[in-house]
2 protein chains.
Amino acid sequence: MSKHVKEMGVLKEHLGKHQLKFTRQRELILDAFLKQEHITAEEMYHQLARKDPHLGLATIYRTLNLFCEAGLAQARHFGTQTQYDNISHKGHHDHLICTGCGKIVEFENCDIERLQEEVASRNGFTIHTHRLELYGLCSPCRR
Amino acid sequence: MSKHVKEMGVLKEHLGKHQLKFTRQRELILDAFLKQEHITAEEMYHQLARKDPHLGLATIYRTLNLFCEAGLAQARHFGTQTQYDNISHKGHHDHLICTGCGKIVEFENCDIERLQEEVASRNGFTIHTHRLELYGLCSPCRR
DNA sequence: TCTTTTATTGAGACGGTTTATCAATTTCAA
DNA sequence: TTGAAATTGATAAACCGTCTCAATAAAAGA
């Protein structure tokens, strides 16, 4: 009895469309993923090791990438690792990233989103998702 | 006789401050770098292979990182690689990406940029660069 | 200039992250 | 229940970027 009915449905629909199969591992990983705001494959590997010690790291990577294709996750490369963001967690959030210390501040701005829609429709596009990252220095790093 | 007098001066000042040396390789790499808007170490390696076949990849990496410390460049993790952005290059553009056919439309929007600055300063950040990508379907793909 | 000191270079080894391989297993439609 | 097809886990391999180190080049001193 999962709590993530809606997202499970999104996943199943994606699987059905692409002749992929619904497996115990995919269900387990999705449940764990949806509890996070963002996570790396390595973190999830250790986190799930207790529930299923035989779950392979490769499966985690494959599954998180599958979630990206299904529109449930979004990959973000930071430093040497890849962060997988949970799209449905807080709706969508954008990032302010300090290139000095690596600090990440999340934000949401309706006006920007509205302007994005405007740009898109002016070009005949319908937006499904977006990525906005602002890189700079936070005040401590600026000195 | 280099055309990049100002940036060469910035580099030399940084070198002087840190007891580092001005070398033929650093001059060569800076000249090549300033002609680009952004470039990866690998790309630069191949590009410079003609001028100096013995220039090592490690030197390119070291030098591009040096430029970041000197404030001439900024590293950005894009996909699996690191892009080095030319700070002094102003023509920034954002992307509309069709997930159906892969078409990419470039755009620029001053209002969005202004709002980004607002968000940043509200959080005490100074933006150096940003990345905005809108994913969706173009009108041919929507049908 | 010549000498001395110190930083830099190039080549390859190395380490961490992610993907590819493949036999065994599981899913699911018939 | 059966069988085709997808998935898994373990590990090898690929990939990117950094580190190591002997040889070299740049700056500073005499």
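Residue numbers begin at 1 in each chain, while the letters A, B, ... track the order of the sequences. Hydrogens, waters and symmetry mates play no part in the numbers below; they use all other heavy atoms, side chains included.
Position along DNA chain D of the nearest nucleotide to Tyr84(B) versus Arg24(B) favours Tyr84(B) as the more 5'-ward residue. When each of Thr80(A) and Lys21(B) is assigned the nucleotide of DNA chain C with its nearest heavy atom, Lys21(B) is the one assigned upstream, toward the 5' end.
For the atom pair CG (Leu115(B)) and CD (Glu113(B)), the distance works out to 10.0 Å, reported to the nearest 0.5 Å. Once rounded to the nearest 0.5 Å, the distance linking CD1 of Ile97(B) with OG1 of Thr129(A) reads 11.0 Å. The distance from the OG1 atom of Thr126(B) to the CG atom of Leu134(A) is 12.0 Å, given to the nearest 0.5 Å. To the nearest 0.5 angstrom, Asp94(A) atom CG is 8.5 Å from Asn109(A) atom CG. Expressed to the nearest 0.5 Å, how far CD1 of Ile112(A) lies from NE2 of His130(A) amounts to 8.0 Å. For the atom pair CG (Leu11(B)) and CG (Leu20(B)), the distance works out to 9.0 Å, reported to the nearest 0.5 Å.
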Report task. Apply side-chain contact (heavy atoms from CB on, under 4.5 Å) to Leu30(B) and His4(B), showing your working. Result -> CA-CA 9 Å; Leu30(B) 182 56; His4(B) 309 296; 5.7 Å; no

#### Entry: Test side-chain contact (heavy atoms from CB on, under 4.5 Å) applied to Glu43(A) and Gln36(A), step by step
CA-CA 11 Å; Glu43(A) 282 164 4; Gln36(A) 315 289 325; over 6 Å; no

### Derivation and outcome, side-chain contact (heavy atoms from CB on, under 4.5 Å), residues Leu48(A) and Ile60(A)
CA-CA 10 Å; Leu48(A) 289 180; Ile60(A) 308 260; 4.2 Å; yes

Self-check item: Evaluation steps, side-chain contact (heavy atoms from CB on, under 4.5 Å), between Arg131(B) and His95(B)
Solution: CA-CA 9 Å; Arg131(B) 169 174 166 194; His95(B) 301 281; over 6 Å; no

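Among the protein residues, Arg26(A) comes within range of the sugar-phosphate backbone only, with heavy atoms under 4.0 Å from sugar or phosphate atoms but none that close to a base. Nucleic acid contact for Glu42(B): none, since no nucleic acid atom lies under 4.0 Å from a heavy atom of the residue. Within the 4.0 angstrom heavy-atom criterion, no nucleotide atom of any strand lies near Thr40(A).
If you look at Tyr84(A) and Phe33(A), their ring centroids are not closer than 6.0 Å.
Applying the salt bridge (Lys or Arg N to Asp or Glu O under 4.0 Å) definition to pairs two or more places apart or across chains, those involving residues 67-78 of chain B are Arg76(B)-Asp85(B).
For the helix from dT1(C)-dA30(D) to dA30(C)-dT1(D), the axis fitted to the five pairs at one end and the axis fitted to the five pairs at the other end meet at an angle of 30° (nearest 10 degrees).
What you find for Tyr45(B) and Leu55(B) is that their closest heavy atoms are CE1-O, 3.1 Å.
The span of DNA chain D lying next to chain B, judged by atoms under 4.0 Å from heavy atoms, is bounded 5' to 3' by dC16(D) to dA27(D). Taking every nucleotide of DNA chain C with any atom under 4.0 Å from a non-hydrogen atom of chain A, the first and last of them, 5' to 3', are dT17(C) to dC28(C).
No path of Ile, Leu, Val, Met, Phe, Trp and Tyr side chains, each step under 4.5 Å between heavy atoms, connects Leu137(B) with Leu132(B), placing them in separate hydrophobic clusters.
Of the possible polar contacts, none joining the Arg26(B) side chain to the Lys12(B) backbone as a donor-acceptor pair under 3.5 Å is found.
The stretch residues 11-20 of chain A has no heavy atom under 4.0 Å from DNA chain C, so no residue of it qualifies as close. Near DNA chain C, meaning a heavy atom under 4.0 Å from it, residues 52-61 of chain B has His54(B), Leu55(B), Gly56(B), Ala58(B), Thr59(B) in order of number.
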